Every structure is written in structure tokens, then in C-alpha cells.
Number of protein chains: 2
Amino acid sequence: MKIDSANPADLSAQIAAAIRDAIVEGRLIVDERLPSEAELSEQFAVSRPTVREALKRLAAQSLIRTQRGATGGAFVNRISFEEAYAQQITTSTLLLSMNAVSFETACEARFCLERACAALSAQRRTADHLATMRAEIHRQGQPGLTDEAFCASDVALHRALVDGAGNPVLSYQLAGAVEAMQPLMNMITFTARDRARIVELHTAITDALEAVDADAVTNALAALELETQALAQSVFMARSNKSERAAPAS
Amino acid sequence: MKIDSANPADLSAQIAAAIRDAIVEGRLIVDERLPSEAELSEQFAVSRPTVREALKRLAAQSLIRTQRGATGGAFVNRISFEEAYAQQITTSTLLLSMNAVSFETACEARFCLERACAALSAQRRTADHLATMRAEIHRQGQPGLTDEAFCASDVALHRALVDGAGNPVLSYQLAGAVEAMQPLMNMITFTARDRARIVELHTAITDALEAVDADAVTNALAALELETQALAQSVFMARSNKSERAAPAS
DNA sequence: TGTCAAATTAATGTCAGACAATTAAACTGC
DNA sequence: GCAGTTTAATTGTCTGACATTAATTTGACA
């Protein structure tokens, strides 16, 4: 891993890539301590600030953690599911918001993945998962709930559904799909009138899950997707009409 | 975003978080130029190296890109699907390898997600997708193919299946699930004898996809999962027997 | 006057050396 | 033997400088 090309361009990126490869390929194992910054700067024949920039790049990806003090240094980090969740949510959110992904496309992907969990969750969900979902449904029925709180509750319910499958890898993968949608969903949940219908569908999903009826869960999720897509379409339609009235000449 | 607490701990992380929040919340938009390093160091009242470390953290997450020269600087980056793929694959791979995720769990998650794409792909796959899959199947039948090449071909085939759904968000989500499994799959593909069975199942999947038969695709994928799980179990069993023979006393 | 080349400039990339802060281990006194 | 102190190693930060890059401006020449 001590290889470094002679061209003096983006040294810190090169060093970061070299160390990252060493970690990914298993040449550096979890909790192993990297050489100190001074030693690394010697090995790579660069200055300490350059090494530090490389280490910060790795720290940003949770590949290493640093510790100060006598026995401190940089250690290969065991990336936790929580850290991985957070990274995936950030990336997914930006990907959706920056690339003009249509609501339709994002929504389709999200429900497609969520339906995939339905069968497993129907088999394995515990009473805890059901209780969480019931509690969120109750909260969603409260009048005076802000749109943000309603949306957060919505995410929590779906999270419980996915977690019910009892597969942490699945939960991780779905985290991005469900949570990254939240900003997009926020746009279409501003009418209290529609909340009743959504609560109804959430109840249907939870009932089916409690009855260990995978097909019913799938159907209820499909209905929710249909409802969401229709709602979004009406919102976008109304918005476009409004902008046409505001600027009829164009 | 110019807020910065007075405690002098992890200044670069704080600054990175402040800028990241500004980007995620849309206060900084795509292709907008950030202040120069000198200006940022003034605003945050820290030195330039500290600002640089913060910027490197963001660059590692593809949130910004930097450009040298007179009109250079740091720009908010429109994260591409390719960059997002790469990040997700790295994170997923490390998550699996570092957290003692069982093959069974990872395999279940992967096929669960892939089956979710089957119905969409059956409807939308183009002739190109089918051709790619046929080509990979043909390659997989070649004798003398290395295990690594077989595995890469396997990933390419499943990639084509997922891309057939015509939903880039879905393709992105699945990239992590499929590609991160590759190192784990490598462990169980070392006998040429099993390749024939896998090619057979791949052919069944492709045939079903060509026939626009979503149920058949789902069933074939389920069969492939069963085969894979059984194969993995036999490999692990053989391995544990071997180690027992090697150290019978323990 | 128009065009191409050279100087200017502004920005990032890198370096060197220094000091501050933190933490574990070694040491010392009782 | 134990508690408190010192020491050493390491990261975190700062200052100042120079190198490199690329767009812009300037200037010379046809």
C-alpha cells in the first residue's frame, strides 16, 4: 500500500485511496492502528498536513476513527449500521434532490422495495413492531399535528414494517429508500383531509401484518402507493394551474 | 451557516457539518461556488489548513468538487448516480465484511430486493437487456473461466435484470445489494460442477423475462436463492469438518 | 486594427516548523 | 502498595511560505 505515483497532483486523494484499498481488501483489519501521521508522512514522502487531509477523507466515510493522546492515532473503524444508515440517507437524499428524479420514479422504487419486505415481515414481525406501528397510527390521527411530525411518524411506521423482516441488511438498504423520500413526501401531505385516508391504509397494512397475511400486506401497500401517486399528481397539477394563472401570457 | 461553537474540538468536523447542512437543506445549490479557502477561514475564524480538512471531508462524500486556477474554488457538486453507486458499494461491502453478517442474511436480503424488481423488469426490459443477459450466460458456460470472472459475469447479469426495470433509483439501491455480495459469493463458486446448475437457472430467469412472465421470473429467482443458500451451507459444512479434522483435540 | 504570446492574478495544492491539547504510561513519594 | 505527578507520544491547530494551475489582462507584432 506504500505505492504513490510521482505526479504531484492530488496527493492526499491518492494516499486516501491507497489506505481505503488496504482496508477494503482486508490488509488492514478492524481496530488496527494505522501508523502515526508523522510516520505516514515519512512513508509516503509528503508533509503532515497532506497526510491529515487524506485521513480526514477517510474519517468522513467512517472508515477510520481518530483518538488523541499518548496511545492515540487513527484506527480502522468497524462501520456500524447506524453510520451506514446515515451515509446512505445523505447520499440518497442528495441524489434525488439534485438529479431531477421525478416523484413518480422515486415513489415507485420505494414501494417496490418495501413490498419486497412485506412477506418476510408478515412472518417474523414481533408484537413490538406491531405496537410501534399502532402507536404511530394513533399519533397520525391526532389533530393539530404538524406536517413535519406527520411525515416523521409516517417514516417511523414504515421503518417498523421493514424492521419486522428481522434482516438488518434489508433494514439498512431500505433506510435510504424510505427516509430519502421524506423531503419529497413533505410536499404532498399538507391537507388534513388526506390524512384520514392514509391512516386508513396504514391500519389496513398493520391489520394484515398482525393476521400474518402477506398478500394482504402487499395489496395494502400497493393501494398506498396508488393513493400517494394520485395525490402527488393532483398536487402537481394544481401547482401548474396556479403558475399558469399567475403568468398566463407565457 | 456561519455558526460555529466556541469549543475548540474537531473544528474541521464542525465546519464540514455546517457546510454539509447548507447543501442538504438547499441553501447552497448545485454548481454554486463556495467562498475561497481564505475567505472561509476568515468567516469561521480558523486557519486555512483547518478549512481545507473540512473541504476534504466534503470532497470525500462527493458533495463538493474543487478546481484550481484563477476562477477555481470549491463548487457544490451534482452527485451522479455513478458516484452514488460507488459510495454505496464501498459502504455496503465494508458493512457486510466487518459486522459478521451471515451469508444467509445477506443472501436473503439480496434476493428479496431483486425479486422486487422482477415484475417491473418483466414489463419493461428492452431487447438490449435480454441480449446482455444472454451474452453473460454464454460467457458463464465457457470452460476455463476463472472464479472471479464468473462472479463478475454473474453480477453483470443481475445488474442487467435490475436495470431492466427502467428505474434509476431502483438500480442505485440494488447496486449495493448485488455488488457488495460479490466477495461473499466468491467463496462458494469454486467448483465448476455447480456452474452448470447456475447457468441453467440464469437461463430460466432470462427466458421468463423474455416471455414477460413476472411470476416465472420470481419463481426462478427463488430457485436460485435456494440453490445458492444450499451451496453455501454445504461449503461451510465442508469447511467446518475440515477444520475439525485438522484440530480434533479442541 | 486584429491576433497571438507573455505577464498578471487568484485560487488551490503542498510544505516546514511550531505550539496547544489530550491521554496513557512511567515515575516518585509516602 | 497506592495515589499523585511527571513525562512522552499523538492528534489538533496555527502561521507563513512557496508551487501549481488556469483564466484574464496586457502588450507586441503583423
Side-chain angles (χ1 to χ4, degrees), chain A residues 2-20 23 28 30-77, chain B residues 2-20 22-23 28 30-78:
Chain A
K2 312 309 192 291
I3 308 154
D4 202 14
S5 95
N7 74 327
D10 260 337
L11 286 176
S12 71
Q14 288 179 36
I15 294 170
I19 299 177
R20 174 164 48 247
I23 295 174
L28 289 170
V30 162
D31 291 336
E32 186 173 340
R33 184 181 173 281
L34 273 72
S36 71
E37 295 176 356
E39 288 172 305
L40 284 174
S41 63
E42 256 189 75
Q43 282 183 24
F44 287 109
V46 298
S47 71
R48 217 188 117 207
T50 302
V51 167
R52 280 183 62 78
E53 287 179 7
L55 293 180
K56 293 309 169 196
R57 294 178 117 110
L58 299 176
Q61 297 179 296
S62 300
L63 268 77
I64 62 169
R65 62 176 187 279
T66 56
Q67 199 177 341
R68 285 168 69 159
T71 59
F75 298 83
V76 177
N77 191 41
Chain B
K2 311 307 188 299
I3 309 155
D4 200 12
S5 94
N7 74 328
D10 259 339
L11 286 177
S12 71
Q14 286 179 38
I15 295 170
I19 298 177
R20 174 163 48 246
I23 294 174
L28 290 171
V30 162
D31 292 335
E32 188 172 339
R33 184 178 172 280
L34 274 71
S36 73
E37 296 175 355
E39 288 172 306
L40 284 173
S41 64
E42 254 190 78
Q43 282 182 25
F44 287 111
V46 298
S47 70
R48 215 187 119 208
T50 302
V51 167
R52 280 184 61 79
E53 286 179 8
L55 293 181
K56 294 309 168 195
R57 294 178 116 110
L58 300 176
Q61 297 178 297
S62 301
L63 268 77
I64 61 170
R65 63 176 187 279
T66 57
Q67 199 178 340
R68 283 167 72 160
T71 59
F75 297 84
V76 178
N77 191 38
R78 179 190 304 277

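Within every chain, numbering begins at 1; the chains are lettered A, B, ... in the order of the sequence lines, protein sequences first and strands thereafter. Just so you know, these numbers use all the heavy atoms, side chains as well, and skip hydrogens, waters and symmetry mates. Worth saying up front: this structure is predicted, and the values here are computed from it rather than measured.
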Can you tell me the distance, in whole Å, between the [atom1] atom of [X] and the [atom2] atom of [N]?
X       : N      : atom1 : atom2 : value
A:Glu37 : C:dC19 : CD    : P     : 18 Å
A:Gln67 : C:dA24 : CD    : C1'   : 10 Å
B:Arg33 : C:dT12 : CZ    : P     : 6 Å

Would you say A:Arg52 reaches D:dG12's phosphate, i.e. side-chain N/O to OP1/OP2 under 4.0 Å?
-> yes
Side chain of [X] (C-beta onward), nearest among [options]:
X       : options                : value
B:Val46 : D:dC14, C:dA11, C:dT14 : D:dC14
A:Glu53 : C:dT14, C:dA11, D:dC14 : C:dT14
B:Ala70 : C:dA21, D:dC14, D:dA22 : D:dA22
B:Ser36 : C:dA11, C:dT14, D:dC14 : C:dA11
A:Ser47 : C:dC15, D:dG12, C:dG13 : C:dC15

Hey, which of these two, B:Glu39 or A:Thr71, hits DNA chain C nearer its 5' end, going by closest nucleotide?
-> B:Glu39
A:Ser12 or A:Gly69, whichever maps to the more 5' nucleotide of DNA chain C = A:Ser12
Does the C:dG17 base have a donor-acceptor partner in the side chain of A:Arg48 within less than 3.5 Å?
-> no
Please evaluate the base of D:dT20 for a donor-acceptor partner in the side chain of B:Arg68 within a cut-off of under 3.5 Å?
-> yes
Atom pair CG/CG of A:Asp31 and A:Asn77 - distance to nearest 0.5 Å = 8.0 Å
Looking at CD1 of A:Ile23 and CG of A:Leu63, how far apart are the two atoms once the value is rounded to the nearest 0.5 Å?
-> 4.5 Å
Say whether A:Ser36 and A:Glu39, considering side chains only, have a donor N or O and an acceptor N or O under 3.5 Å apart.
-> yes
Are side-chain heavy atoms of B:Arg20 and B:Gln61 found at a separation under 4.5 Å?
-> yes
